[in-house]
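Below is one structure; the comments refer to it alone.
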2 protein chains.
Amino acid sequence: MTSLFKYLGKFNTLSKEAEKAIAELSKTITVKKNTDLQPIGHTCKTIYFVNKGVARIYYFKDGVDITESFAFDNNIIARVESLFTGKPSRKAIQIIEDSEIVAINSTQLFKLYDKFPEIERLFRLIFESAYVDTVNRIEGIQFHTAEERYNSLIKDAPDVLKRVPLKYVASYLGITQVSLSRIRGSK
Amino acid sequence: MTSLFKYLGKFNTLSKEAEKAIAELSKTITVKKNTDLQPIGHTCKTIYFVNKGVARIYYFKDGVDITESFAFDNNIIARVESLFTGKPSRKAIQIIEDSEIVAINSTQLFKLYDKFPEIERLFRLIFESAYVDTVNRIEGIQFHTAEERYNSLIKDAPDVLKRVPLKYVASYLGITQVSLSRIRGSK
DNA sequence: GTGATTATTTATCATATGTTAAGTACTTCC
DNA sequence: GGAAGTACTTAACATATGATAAATAATCAC
């Protein structure tokens with residue numbers, strides 16, 4: 001769980017008591033590739049930290065599997081549209097390669113906010129940062145061609161292409177797998 | 001400023017002292033149509049609340065004016081990608097019709113967070129909600145045709161079309177104005 | 001109110017991406 | 001290690017949206 005606290009420390013410095021409180025409601029699990037951590041239709045009550053491995057959030061649009069986002073080593077992943085609303089999520093979290101994951105119980109975590117303002121601040125800062133990433137992503141989706149999007153993925157996150165099946169990358173980029181192959185072929 | 005506190009009250013109940021503290025660093029201004037509240041290149045240090053009127057966030061992509069988002073009566077608008085990072089924003093906020101705006105000094109507001117955890121919580125909840133909206137918007141952009149996006153805009157926010165020039169709506173939907181006209185014409 | 005500017009529509013042609021289908025390459029599992 | 005399934009590519013055709021240009025409509029300034 002060391003790397004979790006190293007990650008959290010980048011957002012806010014925590015007291016020993018706060019770290020202990022978070023550790024108490026977290027547990028490390030190893031997960032086999034292709035496993036769903038949480039199924040579609042379930043209300044999200046867990047924030048996951050990818051210690052080592054890869055995960056993605058996905059859902060079905062007209063029967064087609066769509067990847068919303070990826071998380072690699074040392075990053076957090078959660079279905080915020082359910083986590084923050086309490087509504088069931090239409091999305092699932094899937095593990096893409098054999099991974100080591102820290103599962104943080106969000107119901108209990110949110111209860112800690114009253115006792116530990118430093119923890120509330122920590123997660124405020126984490127999700128503010130994620131919010132900024134999401135706002136920036138809209139720009140990338142809306143006003144770049146698929147090829148430009150693919151090129152900047154190669155540049156910003158070359159790991160994705162090595163560790164994630166292309167079919168998942170395609171829907172993440174907002175195109176079909178066939179289009180992605182065409183773009184790759186034209187190089 | 002009454003409607004601002006009515007809006008804030010939907011997210012978190014505030015003590016009188018907290019309300020007073022927020023009121024002290026806010027000021028109501030009337031702004032003429034087509035005015036930029038804050039120019040491009042400026043680091044965002046203000047959160048705006050639209051008391052009455054319409055505002056939008058926009059930027060230039062290859063010389064073309066792109067609308068990122070709108071805010072109507074009784075809503076908040078801020079360039080979060082600058083507000084939360086401290087970096088200069090490539091975006092501007094423009095007033096679209098003569099409006100009454102409450103400007104909240106964010107530098108001072110963030111300082112209140114230490115003294116008033118209830119204010120930190122309030123804005124955490126506000127931006128968590130905005131984050132969820134943004135995540136949901138990606139889905140709309142990425143996997144619906146321009147026509148579907150236009151139809152759901154009519155349905156969810158008919159005001160937009162009445163109060164906002166179509167050229168701004170087009171880039172918000174991620175298409176050119178000519179395409180938007182074609183879609184409207186085909187009905 | 002008239003002219004000038006700005007907003008919107010319509011038409012034509014170009015192009016990126018989608019759809020379907022088939023073929024090849026790679027994995028997995030008994 | 002061979003069969004079966006899964007992942008990826010390639011090709012041909014269809015279609016939505018972009019680009020450019022020109023026409024009309026609405027708004028603004030004096």
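What you see is a predicted model, and the numbers here were worked out from it, not measured in a lab.
In this structure, A:Ile183 places its CD1 atom 12 Å from P of D:dT9, rounding to the nearest Å. Taking atom OH of B:Tyr150 as the reference point, atom C1' of D:dT17 lies 17 Å away to the nearest angstrom. Distance, A:Lys162 NZ to D:dC8 C1': 19 Å, rounded to whole Å. Here D:dC8 presents its P atom at 9 Å from CG of A:Leu180, a figure rounded to the nearest Å. Here the P atom of nucleotide D:dG18 and the NZ atom of B:Lys167 are 18 Å apart, to the nearest Å. D:dA16 atom C1' lies 16 Å from atom NE2 of B:His144, rounded to whole Å. For the pair A:Gln177 CD and D:dT10 C1', the interatomic distance rounds to 12 Å; values are reported in whole Å. As a whole-Å value, the separation of B:Leu173 CG from D:dG18 P is 11 Å.
For A:Val178, whose side chain is taken as the heavy atoms from C-beta onward, the closest listed nucleotide among D:dA11, D:dC8, D:dT17 is D:dA11.
Salt bridge status for B:Arg149 with B:Asp156: absent, with no side-chain N to carboxylate O gap under 4.0 Å. The pair B:Asp36-B:Arg56 does not meet the salt-bridge criterion, since no charged nitrogen lies less than 4.0 angstrom from a carboxylate oxygen. Salt-bridge formation is not detected for the pair A:Glu68/A:Lys61: no Lys NZ or Arg NE/NH1/NH2 atom is positioned less than 4.0 Å from an Asp or Glu carboxylate oxygen. No salt bridge links A:Lys33 with A:Asp98; every basic N to acidic carboxylate O contact stays at or beyond 4.0 Å. Between A:Arg124 and A:Glu120 there is no salt bridge, since none of the side-chain N atoms of the basic residue sits less than 4.0 Å from a carboxylate O of the acidic one.
Mapping A:Pro165 and B:Gly174 onto DNA chain D via the closest heavy atom, the residue that lands nearer the 5' end is A:Pro165.
A cation-pi arrangement is present between B:Lys91 and B:Tyr59, with the terminal nitrogen or guanidinium carbon under 6.0 Å from the aromatic centre and inside a 45° cone about the axis.
You can see that DNA chain C meets the heavy atoms of chain A within a 4.0 Å-exclusive cut from C:dT17 to C:dT28, reading 5' to 3'.
Between B:Ser179 and D:dG18 there is a side-chain N or O to OP1 or OP2 distance below 4.0 Å.
Within 4.0 Å of B:Thr145, counting heavy atoms only, lie sugar-phosphate atoms of the nucleic acid but no base atom. Here A:Ser181 lies in heavy-atom contact (under 4.0 Å) with a base.
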Next item on the list: Under the side chain to side chain donor-acceptor pair (under 3.5 Å) rule, what do A:Ser89 and A:Glu81 come out as? Steps first, then yes or no, please.
Entry: CA-CA 7 Å; A:Ser89 180; A:Glu81 103 292 354; 2.7 Å; yes
